[in-house]
Amino acid sequence: MSVKKWPACRSALKTPLIHAIIDLGHGLRLLSRIVNSPPGQLKEGDEVKLFVFPIPSMVLDVKDGTKESPRVFFAFEPVKK
């Protein structure tokens, strides 16, 4: 997997938010968040790997009340060379 483009975006969330178009190969591309990389570090063609992290669980209404559902989110981070 490699970085296709690397636009940076700033918002009220933990900044800066960095997103890139990730080329998964075989003609598949995905817009995703980039983590563990300062702005401007990644260049087009750099290798990245999947990074999965927990986020707050969600309370769901179910037939017999409520149920807490654990969740995760994904992003990509640079491959250490």
Side-chain angles (χ1 to χ4, degrees):
M1 294 177 277
S2 66
V3 172
K4 188 66 179 166
K5 296 185 187 278
W6 60 95
C9 169
R10 299 194 184 271
S11 78
L13 301 174
K14 185 177 177 185
T15 61
L17 290 179
I18 303 170
H19 292 82
I21 298 172
I22 308 297
D23 185 348
L24 300 173
H26 306 289
L28 299 173
R29 292 187 180 142
L30 162 67
L31 178 66
S32 181
R33 185 172 170 200
I34 300 293
V35 295
N36 302 326
S37 177
Q41 177 182 336
L42 285 177
K43 304 294 181 225
E44 188 168 345
D46 285 353
E47 295 292 313
V48 292
K49 64 181 180 177
L50 183 65
F51 180 80
V52 179
F53 54 96
I55 60 173
S57 60
M58 176 181 274
V59 177
L60 303 173
D61 291 324
V62 294
K63 185 176 180 181
D64 299 326
T66 60
K67 174 184 173 184
E68 188 170 345
S69 177
R71 302 184 303 162
V72 296
F73 194 74
F74 73 92
F76 288 84
E77 66 180 350
V79 171
K80 307 255 190 281
K81 295 180 183 180

Cluster question for you: counting only ILVMFWY and a side-chain heavy-atom cut-off of under 4.5 Å, with indirect links fine, are Phe51 and Ile55 together? yes
Heavy-atom pair with the smallest gap, counting every atom of Leu31 and His19: CD1-CB, 4.1 Å
Would you indicate whether the side-chain heavy atoms of Ser57 and Glu68 approach each other to under 4.5 Å? yes
Find the distance between CZ (Arg71) and CZ (Phe53) and round it off to the nearest 0.5 Å. 11.0 Å
Cluster link Phe74 to Leu28, ILVMFWY, side chain under 4.5 Å: yes
Cluster overlap Val72 with Val48, hydrophobic side-chain contacts below 4.5 Å: yes
Where do Arg33 and Ala75 come nearest, in terms of heavy atoms and distance? O-CB, 3.3 Å
Nearest-0.5 Å distance, CD1 of residue Ile22 to OG of residue Ser32: 5.5 Å
Same apolar cluster (I L V M F W Y, side chains within < 4.5 Å links), Val52/Leu24: yes
Pick one: which of Ile18, Asn36, Leu30, Leu42 meets side chain to side chain contact (heavy atoms under 4.5 Å, CB included) with Phe76? Leu30
Working note: Ile34 + Leu17, criterion side chain to side chain contact (heavy atoms under 4.5 Å, CB included); need CA distance, chi angles, decisive distance, verdict. CA-CA 8 Å; Ile34 300 293; Leu17 290 179; over 6 Å; no
Joint cluster assignment, Val79 & Val35, ILVMFWY side-chain distance < 4.5 Å: no
Can any side-chain N or O of Lys67 pair as donor or acceptor with the backbone N or O of Asp64 at less than 3.5 Å? no
